[in-house]
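Here is the structure we will look at, set down as structure tokens.
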Amino acid sequence: MARSNDEVAALFQEYADLISLTGGDAFRARAHEKAARSIGGYHADVATLDVQGLQEIPDVGRSVAEKIVEYLRDGRVAAVEELRARVPPGVRRLTAVPTLGPRKARVLHEELGISSVEELADAVRAERLRDLRGFGPKTEENILHGIELLRSAGDRVLLDVAADLAEDIVGRLAEVSGCSRCACAGSLRRVRETIGDIDVLAAAEDSAPLMRAFTELPYVTEVIAHGTTKTSVRTTEGLAVDLRVVPPESWGAALQYFTGSRAHNIRLRERAVHLGLKLSEYGLFDAETGSRIASRTEEDVYAGLGLPWIPPPLREDRGEIEAGLAGTLPRPVTEADLRGDLHTHTDLTDGLAPLQEMVAAAADRGYAYYAVTDHGPALSMQRMTDERMLDQRARLRALDGRYGRRRGGLRLLHGAELNIDPDGGVDWPEDFLAGFDLCVASVHSHFRQDRAALTRRLVRACEHPCVDIIGHPTTRLIGKRPGIDVDLDAVFEACARTGTVLEINARPERLDLRDEDILRARRYGVRFAVNSDAHSTRHLATLRFGIGTAQRGWLTAGDVVNTWPLTRLRRHLARGRPKRRPDSR
DNA sequence: GCCGTTTTCGGCCCGACTGTTTTCAGTCG
């Protein structure tokens, strides 16, 4: 379940929103927002800190520290409750509609009494927004479009939210007496990018103790269905969770069945029928005699169908069964294959942790190498200068090889995340860029250029001799912003031609490239990098979601450059680059 | 509400874009 830090961060983010929505001081709102972000990214658990220790967290002063203590002690904060009483929860939800911020939401609530997304949609259609100052026909259009985007995300949650909850549930249920196995199945096990409901599977002779423990979980708010083989609940976050309990001898068949996907299972059952067998969640049986052929492990079930075990992220009926039969199933890249992270930030730009903390955390993860890639000066929200970047490089060189248990220590690469401007140009002239070990280049604005312009823009970036990796290539934000309208095939072709690597950005709200695009890109012979884009030490671990996405794209370790040894990686980065000038560090 | 080689008050990232205005407010990154 969420750490105290995440809970507290969510609380202050809500408080900040409520301050804005009630017309409070904008700087006060911003201060709480900064505190929330800082707390969320802080390495130590706030529950272990006192008021003084809490104030060590950047952007946390006396007032916030005391509120944290109040929250951890009472489970509530009076100041937050006071504002909650004034703003219906639906009003806060309005700001989730893209292009609708706190000021407009406040006007809608105060002038028209709108307090939910549904009421907003009705009001727009009834043309009730027309008379409001600052609301024109284009605003109406944007709001309707935003609502549509919001709805297309549905009630699904991002992977990290679902994974945290599911792992907590599995951990607790595994402790229940009589439970022999427990694991999550469903789309979470297949690492789909969003999760609609969580499927948990357990094996036990007697299901009653598990079902009881499940309904008594602290964050369960509603029991939707309660039986001996299946129980469904809803959690405080509105997520539906199903628990199914099967006899231990059916474990493998049940895990296979409940992992899906539906399309994959249909294909398997068809194959079973073809072989004179019958496949269900209880096992693989002889269709005539009904005798059990396999059910204890997934491997047994697949073997009974003449197939190798298929990794869950591949189970989408996208050719995995044919590949399994032909013996050409790829061995997907795993987290253990990764030797480093090639896109990360520090507090030099918009990261939360100083260089040394990020490096130490990377070393703890056992990496062989690690790249620091803060933003260049083109992003106006940053304050980057040549001097600050070179100073960071000197500090990074001093830390090179000094961390980690590996021989030679953790090797550090100095990089930058460049901004791809509307014409496809990037920050800094070539001679300055040549001083970096690697450059990530990404689109951060002007998302609405037409397809031709966007395609030219990305292809030009690929062709730049110093651009090694295209960061979050489509810039989509799941449920918030669609990807840019770009001819990806042209980009893939350019990447393959120039050796430019495509990023699989592992942040749960991005997962960019996404699996379908990866499947296409790999046909062009493109290489990939699975990167965390970490802005705090805690983000480093999100790499697992990027790996899941890479697996869904059928990538092997060889396709992913940050599984390569450093010498091979360096050789690849050096291709086509201008020679460094002798004076560049 | 936080912070400090502008330090206990007076700033707070800031520029681009969009849409609604006719000089600016809101949103976003």
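All chains are named by letter (A, B, ...) in the order of the sequence lines, taking the proteins before the strands, and each is independently numbered beginning at 1.
- For A:N142 and B:dT18, the shortest distance from a side-chain N or O to OP1 or OP2 is not below 4.0 Å.
- One finds the OG atom of A:S532 at 9.0 Å from the CZ atom of A:R507 (value rounded to the nearest 0.5 Å).
- Nucleotides B:dG4 and B:dG15, compared at atom C1', are 26 Å apart to the nearest Å.
- Atom pair A:Q55:CD and B:dG4:P shows a separation of 13 Å (rounding to whole Å applied).
- The side chain of A:A31 lies closest to B:dG1, out of B:dA16, B:dT20, B:dG1.
- Rounded to whole Å, atom C1' of B:dC12 lies 17 Å from atom CG of A:D350.
- Figure legend: A:R365 and A:Y370 shown without cation-pi pairing, the cationic atom not lying both under 6.0 angstrom from the six-membered ring centre and within 45 degrees of its axis.
- The residue A:S445 sits apart from the nucleic acid: no heavy atom pair falls under 4.0 Å.
- Take the nearest nucleotide of DNA chain B for A:E140 and for A:L100: the residue whose nucleotide is more 5' is A:E140.
- Only the P atoms considered, B:dT18 is 36 Å distant from B:dC3, to the nearest whole Å.
- Comparing the P positions of B:dC17 and B:dT22 gives an interatomic distance of 23 Å, to the nearest angstrom.
- A cation-pi geometry, defined here as NZ or CZ lying under 6.0 Å from the six-membered ring centre and within 45° of its normal, does not hold between A:R522 and A:F528.
- With both ends at atom P, the span from B:dT20 to B:dG26 equals 14 Å, rounded to whole Å.
- Within the model, atoms CE of A:M384 and CE of A:M389 stand 4.5 Å from one another, a figure rounded to the nearest 0.5 Å.
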Using a 3.5 Å cut-off and no angle test, enumerate the donor-acceptor pairs between side-chain atoms of residues 100-107 of chain A and protein atoms at least two apart in sequence or in another chain.
{"from": "A:R106", "atom 1": "NE", "to": "A:E110", "atom 2": "OE2", "distance (Å)": "3.2"}

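- Considering only heavy atoms from C-beta on, A:V467 comes within 4.5 Å of A:V426 through its side chain.
- Close to B:dT21, at under 4.0 Å from its OP1 or OP2, lies no side-chain N or O of A:R133.
- Of the inter-residue distances, the one linking A:L433 atom CG with A:W428 atom CH2 reads 7.5 Å to the nearest 0.5 angstrom.
- Under a 3.5 Å cut-off, the side chain of A:D512 and the backbone N or O of A:T474 do form a donor-acceptor pair.
- Within 4.0 Å (heavy atoms only), A:R448 reaches no atom of the nucleic acid at all.
- With salt bridges taken as basic N to acidic carboxylate O contacts below 4.0 Å, one links A:E463 and A:R497.
- Distance check on atom P: B:dT21 versus B:dT27 gives 15 Å, rounded to whole Å.
- Comparing B:dG11 with B:dT6, their C1' atoms sit 10 Å apart, to the nearest whole Å.
- As rounded to whole Å, 16 Å separates atom C1' of B:dT21 from atom NZ of A:K138.
- Here the C1' atom of nucleotide B:dT27 and the CZ atom of A:F447 are 13 Å apart, to the nearest Å.
- A:R451 and A:D485 get closest at one heavy-atom pair: NH1-OD1, 2.8 Å.
- OP1 or OP2 of B:dT20 lies within a sub-4.0 Å distance of a side-chain N or O belonging to A:T139.
- Rounded to a whole Å, the NE2 atom of A:H32 is 15 Å from the C1' atom of B:dC12.
- Applying a 4.0 Å cut-off to non-hydrogen atoms, the residues of residues 101-108 of chain A that approach DNA chain B are A:G101, A:P102, A:R103, A:K104, listed by residue number.
- Atom pair A:K34:NZ and B:dC14:C1' shows a separation of 13 Å (rounding to whole Å applied).
- Taking atom C1' in both B:dT8 and B:dG1, the straight-line distance is 14 Å, to the nearest Å.
- Under the Watson-Crick or G-U wobble criterion, with both distances below 3.5 Å, B:dC9 is paired with B:dG4.
- At a non-hydrogen distance threshold of 4.0 Å, A:V64, A:K67 from residues 64-83 of chain A come into contact with DNA chain B.
- Applying the 4.0 Å criterion to OP1 and OP2 of B:dA16, one finds that A:H446 has every side-chain N and O outside that range.
- Spacing between B:dC9 and B:dG19 at atom C1', rounded to whole Å, works out to 37 Å.
- Rounded to whole angstrom, the span from the CG atom of A:D512 across to the P atom of B:dG29 amounts to 14 Å.
- Atom-to-atom, CD1 of A:I39 to C1' of B:dC2 comes out at 12 Å; the value is rounded to the nearest Å.
- Ring centroid separation for the pair A:H444 and A:H375 comes in under the 6.0 Å cut-off.
- Note on A:D25: a base of the nucleic acid sits closer than 4.0 angstrom, heavy atoms only.
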